[in-house]
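Please read the structure below before turning to the comments.
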Amino acid sequence: MEKVVTRFPPSPTGHLHIGGARTALFNWLFARNKKGKFILRIEDTDIQRSSEEMTKSILEAMEWLGLLWDEGPYFQSKRLDIYNHHIDLLVEQGKAYYCKCTKEEVEEMRKRAREKGEKPKYDGRCRELGLGPGPGRVVRFKTPLEGETVFNDLLKGPIAVNNKELDDFVLRREDGMPTYNLAVVVDDATMGITHILRGDDHINNTPKQILLYEALEYPIPQFGHVPMILGPDKKKLSKRHGAKSVLEYRELGYLPEALLNYLVRLGWSYKDQEIFTLDEMIEKFSIERLSNSACVFDPEKLKWVNSQHIKKKSPKELAIILKNYLAKDGFTVKDLGYLEKIVPLLQPRSTTMVEMAEKARFFVKKDQEIEYPKELIDKFLKPDVVTHLKELTNRFERLNNFDQKTLENVVGSYLEQKNIKFKLIAQPIRICITGQTTSPGLFETMEVLGKDRTVNRLKRALSFAEK
RNA sequence: GUCCCCAUCGUCUAGUUCGGCCCAGGACGCCGGCCUCUCACGUCGGUAACAGGGGUUCAAAUCCCCUUGGGGACGCCA
């Protein structure tokens with residue numbers, strides 16, 4: 001069987017956003033699943049709007065996501081000769097022609113067509129004029145006047161479009177640059193793309209492109225049009241909806257595999273499974289299980305998926321990631337081993353890495369940097385409590401083992417001895433060692449902090465209470 | 001306006017290929033219980049849908065048609 005070759009062709013006119021990432025993911029997954037090839041191609045024929053900065057941003061996002069390509073990135077702006085060659089060929093063969101109409105004239109045609117209740121189209125007035133090249137002239141494709149163009153969509157089944165619906169679209173612009181439809185076809189054909197998975201807003205382009213494949217006598221690839229992602233108002237997802245770029249999600253503390261997991265489930269399913277590792281996604285992905293209706297992006301579920309992946313990931317890996325997020329907040333931690341001990345306590349409590357970094361602060365702060373708001377001291381460190389905590393601190397100080405079990409025993413026997421409830425001293429201790437009212441379990445927190453920090457912080461907090 | 005695509009809980013979806021196992025299952029969210037040193041996690045339970053109308057059939061969420069609704073495309077953007 002023929003080897004599968006897929007591609008992702010972003011245009012560098014903006015950052016890689018959620019929709020694009022999902023399209024890339026589907027193509028990547030399909031290629032990996034079929035042991036095929038995945039190509040990255042930058043569609044920068046619109047020189048006005050394309051920028052190198054966006055190209056860099058897109059590549060960075062792809063790399064961060066782990067959607068690595070086997071070939072490329074190719075740049076359309078570096079392949080102009082190839083496009084021109086194809087366009088000239090079409091003109092020579094009478095399959096395309098030069099058109100002298102101005103943009104204004106074409107606009108007028110469309111306006112009139114619309115007024116007549118027809119589809120706005122170029123009317124083909126230069127079609128048989130036999131014009132040659134010249135300033136201000138474009139090259140248009142001679143779209144068949146009759147018949148229909150049919151293709152079998154991988155998701156939607158047979159789609160037929162009457163050629164009358166199409167007009168003689170532009171292949172080469174006034175400035176000599178090829179248009180999208182020409183460039184994609186030439187690229188996909190010459191790069192040997194076998195399967196094209198893209199948003200279903202491209203369905204209308206497909207017949208035009210098929211006509212070009214036929215005119216150029218290239219084999220036609222398989223097309224699969226995946227439903228679009230909609231905003232909460234069910235309109236096409238856009239910046240207005242707060243549609244964020246992939247890189248923004250990184251800033252917000254999402255794990256790449258979690259983003260990918262959420263995205264793959266948006267329009268694809270595998271029975272009742274919600275959480276997938278990358279390998280599972282590759283193994284289980286199939287075009288047949290893609291859905292064919294548009295879906296709404298749900299940030300709440302993304303959060304949940306992220307929290308699930310945070311729970312799943314090894315503390316060792318998370319420690320490295322956490323270190324970077326802490327650094328962004330100005331906390332430089334050199335001891336990865338310490339972070340690795342902190343992480344397991346924070347995993348069940350963090351939805352994002354940003355959240356984890358926030359919760360990790362009191363662990364990594366120096367003892368003297370812990371702040372104790374007056375209200376907390378007044379509320380929790382009443383004189384009788386202070387007496388208990390002082391005694392407990394003494395007992396802690398004498399310990400050789402500072403593990404959870406030992407601490408539990410020490411505190412347990414103290415409670416029994418004094419006949420008091422744990423509730424009486426739990427929050428006060430927490431305040432002393434963390435400076436806050438919420439934290440992971442007390443004993444595990446103390447163990448991770450270690451004896452020195454725990455005792456120092458207790459003493460320091462108690463000294464504030466006595467003032 | 002014209003053409004194209006789509007249609008199961010608020011949202012993501014299973015079920016539709018080969019109609020019966022579905023008075024529709026899972027997940028997010030939300031509500032309540034349990035767990036509990038705080039916050040979470042976890043766990044148990046609840047909430048909520050086959051857009052409407054016609055057919056076909058012994059039997060339809062599943063097949064057909066219509067209506068309605070939603071989305072998309074109509075660029076010398078991609």
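Naming: A, B, ... by sequence-line order, numbering from 1 per chain.
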Need one value for [X]: base, sugar-phosphate or nothing, where a base atom within 4.0 Å counts as base even if backbone is also close, heavy atoms only.
X	answer
A:Lys311	sugar-phosphate
A:Gly199	nothing
A:Cys99	nothing
A:Glu43	sugar-phosphate
A:Pro227	nothing
A:Arg49	base
A:Lys103	base
A:Ser11	sugar-phosphate
A:Val138	base
A:Leu266	sugar-phosphate

Please report the distance separating the [atom1] of [N] from the corresponding atom of [M], rounded so that it comes out in whole Å.
N	M	atom1	value
B:A7	B:C66	C1'	15 Å
B:A51	B:A73	P	26 Å
B:C76	B:G29	C1'	47 Å
B:C44	B:C35	C1'	11 Å
B:U36	B:U17	P	50 Å
B:G10	B:C18	C1'	34 Å
B:G72	B:U56	P	38 Å
B:C50	B:A60	C1'	11 Å

Report the base-pairing partner of [N] (Watson-Crick or G-U wobble, both distances below 3.5 angstrom), or none.
N	value
B:A24	none
B:U2	B:A73
B:G42	B:C34
B:U68	B:A7
B:U62	none
B:U56	none
B:C18	none

Would you mind checking if [Y] and [X] are paired as a salt bridge, meaning a charged N to carboxylate O distance below 4.0 Å?
X	Y	value
A:Glu444	A:Arg349	yes
A:Arg125	A:Asp168	no
A:Lys313	A:Glu257	yes
A:Arg114	A:Glu118	no
A:Glu43	A:Arg41	yes
A:Lys405	A:Asp403	no
A:Lys103	A:Glu107	no

Check every atom of [options] against the side chain of [X] and return the nucleotide holding the closest atom.
X	options	value
A:Pro348	B:U13, B:A7, B:A40	B:A40
A:Lys156	B:A73, B:C37, B:C5	B:C5
A:Thr438	B:G42, B:C37, B:C39	B:C39
A:Val170	B:C76, B:C12, B:A78	B:C76
A:Lys119	B:C3, B:A78, B:G72	B:C3
A:Cys295	B:C5, B:C3, B:U13	B:U13
A:Asp200	B:U13, B:U11, B:C5	B:C5

Grab the [atom1]-[atom2] distance between [X] and [N] for me, whole Å please.
X	N	atom1	atom2	result
A:Asn292	B:U16	CG	P	14 Å
A:Leu182	B:C76	CG	P	13 Å
A:Ile47	B:C76	CD1	P	16 Å
A:Leu389	B:C37	CG	C1'	13 Å
A:Leu230	B:U11	CG	P	11 Å
A:Phe380	B:C39	CZ	C1'	13 Å
A:Glu444	B:A40	CD	P	15 Å
A:Tyr122	B:A73	OH	P	25 Å

* To do: Could you tell me whether B:C41 is syn or anti, where syn means a glycosidic angle within 90 degrees of zero?
  => syn
Would you say [N] has OP1 or OP2 under 4.0 Å from some side-chain N or O of [X]?
X	N	answer
A:Ser269	B:A14	yes
A:Arg289	B:G15	yes
A:Lys423	B:U38	yes
A:Thr45	B:A78	yes
A:Asn205	B:C4	no
A:Arg198	B:G72	no

* State whether a side-chain donor-acceptor pair under 3.5 Å links A:Thr143 with A:Asp167. => no
* Using only heavy-atom distances, determine whether the side chains of A:His15 and A:Ser57 contain a donor-acceptor pair under 3.5 Å. =>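 Looking only at side-chain atoms, A:Ser57 and A:His15 do form a donor-acceptor pair, the distance falling under 3.5 Å.
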* Cation-pi, A:Phe75 ring and A:Lys78 (6.0 angstrom, 45 degrees) ->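 Yes, a cation-pi geometry.
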Show the distances under 3.5 angstrom between N or O atoms of the protein and N or O atoms of nucleotides 27-31 of chain B.
from  : atom 1 : to       : atom 2 : distance (Å)
B:A27 : O4'    : A:Glu274 : OE2    : 3.2
B:A27 : O2'    : A:Lys301 : NZ     : 3.3
B:A27 : N3     : A:Lys301 : NZ     : 3.3
B:C28 : OP1    : A:Trp304 : NE1    : 3.3
B:C28 : O2'    : A:Lys301 : N      : 3.4

* Partner of A:His225 under side chain to side chain donor-acceptor pair (under 3.5 Å), chosen from A:Asp201, A:Thr206, A:Asn205 ->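 Exactly one option meets the side chain to side chain donor-acceptor pair (under 3.5 Å) with A:His225, and it is A:Thr206.
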* Asked: Taking the six-membered ring where the residue is Trp, are the ring centres of A:Tyr98 and A:Phe141 under 6.0 Å apart?
  ->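 A:Tyr98 vs A:Phe141: aromatic centres not under 6.0 Å.
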* Kindly say whether, by distance alone, the side chain of A:Arg349 makes a donor-acceptor pair under 3.5 Å with the base of B:C41? => no
